[in-house]
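This is a predicted model, so every value here is computed, not measured. Counting starts at 1 for both ligands and their atoms, following the listed order.
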Amino acid sequence: VASGLDALEISLKILGCGPGDRVLVSPISAFATALAVVRLGAIPVFVDSDASGSMSLDAAEEVLRARPEIRFMLPVHLYGNSLDLERLERLRDGFGLVVVEDCAQSVLASYRGKPTGSVGQMAATSFYPTKNLGALGDAGAILTGDPEKAKLARAYRDYGKTGEYEHSYIGYNSRLDELQAAIVRRAHLPRLAKWVERRRAIAAAYEAGIRSPHIRICSVAAGSVSSRHLFPATVAPALKRQFMEWLRSRGVGGGEHYPMPLMDQPAMRNVACETMGGCATAREFCRSQVSLPVHPYLSEEQIAYVVDVCNAWDPQSHKEST
Ligand SMILES: Cc1ncc(COP(=O)(O)O)c(C=O)c1O
């Protein structure tokens with residue numbers, strides 16, 4: 001398909017999600033995650049995050065117990081960190097859920113040997129250029145093990161086309177551009193494993209080297225093998241701007257993923273959505289989160305430099321302490 005957004009939307013649509021349906025969504029993600037739900041006329045139900053920014057499956061279970069009418073779930077493997085897929089599977093089966101996994105950041109991530117994207121009836125990924133497996137322009141893919149759903153997805157991406165000049169569904173124009181497909185498949189896919197290994201090595205170097213008491217590195221849950229799409233850390237909310245500025249002044253590209261939870265985005269003001277329990281952890285996380293560069297082409301010197309810059313940050317004096 002043409003993008004990760006379309007992959008999410010078409011997957012949800014094929015699985016019967018439509019106006020008024022409620023969909024459990026994490027409040028911390030790219031806006032596309034909520035947009036896919038809203039564009040179908042469905043209602044995002046935001047459940048709180050854990051301390052590492054991922055959807056809290058405890059919170060999700062609590063909501064599902066209280067709200068048996070909820071049939072859909074759109075979990076995100078944020079930063080490339082797989083959610084607990086065994087637990088996700090139990091939730092899917094226990095509550096009869098229709099699950100679409102957002103794997104835009106989690107290509108090659110797994111949980112106890114199981115790849116992300118294998119629990120949902122369908123899954124979606126993005127080949128946006130900065131993704132672990134990117135094209136050179138917009139692109140995305142729908143993943144499913146069900147040949148019937150694959151057939152439907154192929155029809156939906158192409159005006160609902162089911163035969164020569166025959167259109168059986170109100171579909172989309174979301175074909176994957178051939179040039180982008182060739183770049184993903186022939187040029188980038190063969191290099192993917194090596195790139196992800198490199199991302200993991202960079203993340204390990206940060207974990208081993210960053211010793212600042214002011215910077216908390218977000219942990220990856222036991223059993224989860226991350227694709228390390230991003231490397232999130234948190235600092236005290238009051239110090240976030242200062243830390244970002246410190247990184248910038250030293251030539252380190254810090255990022256924010258994401259500075260605002262999805263339900264607080266201006267576009268959501270006039271849209272039906274629900275925020276379960278206030279999502280206080282997610283809100284606090286957004287105020288604290290900073291991403292460190294983890295691109296596979298960082299050199300050893302650059303990695304060591306990022307570590308040094310982090311360790312040299314002194315929030316009291318905002319001057320180098322070493
Ligand atoms: C978690 C997540 N979901 C969905 C998307 C949407 O993908 P795209 O930009 O290809 O529409 C992205 C990337 O932007 C993403 O990071």
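Of all atoms in ligand 1, listed by their number and element, those nearer than 4.0 Å to a heavy atom of Ser29 are 1 (C). For ligand 1, the atoms closer than 4.0 angstrom to any heavy atom of Ser126 are 7 (O), 8 (P), 10 (O). Atoms of ligand 1 lying under 4.0 Å from at least one heavy atom of Thr33, given by number and element, are 3 (N).
Contact analysis leaves Gly140 out of contact with ligand 1, as no non-hydrogen atom separation drops below 4.0 angstrom. Heavy atoms of Lys131 come nearer than 4.0 angstrom to ligand 1 in at least one pair.
More than 12 heavy atoms of other residues, nucleotides or ligands sit less than 6.0 Å from atom CZ of Arg287. Within a 6.0 Å sphere centred on CD of Glu166, heavy atoms belonging to other residues, nucleotides or ligands number more than 12. The environment of Glu89 atom CD is dense: over 12 non-hydrogen atoms of other residues, nucleotides or ligands sit within 6.0 angstrom.
With a 4.0 Å heavy-atom cut-off, ligand 1 is reached by the backbone of Leu5 and by its side chain too. Residue contacts with ligand 1 for Ser3 involve both N, CA, C or O and side-chain atoms from C-beta outward (heavy atoms, distance under 4.0 Å).
Cation-pi geometry between Arg248 and Trp246 is not met at under 6.0 angstrom from the ring centre and within 45 degrees of the axis.
Separation of the Tyr206 and Phe231 ring centroids falls under the 6.0 Å cut-off.
Using a cut-off of 4.0 Å between Lys/Arg side-chain N and Asp/Glu carboxylate O, Asp84 and Arg87 are scored as not salt-bridged.
For atom 6 (C) of ligand 1, the nearest non-hydrogen atom of the protein is Ala32 CB, 3.4 Å.
Checking only distances, Gln105 does come within under 3.5 Å of ligand 1, N or O to N or O. An N or O contact shorter than 3.5 Å links Asp102 to ligand 1 by distance. Looking at Gly4 next to ligand 1, an N or O pair under 3.5 Å apart turns up.
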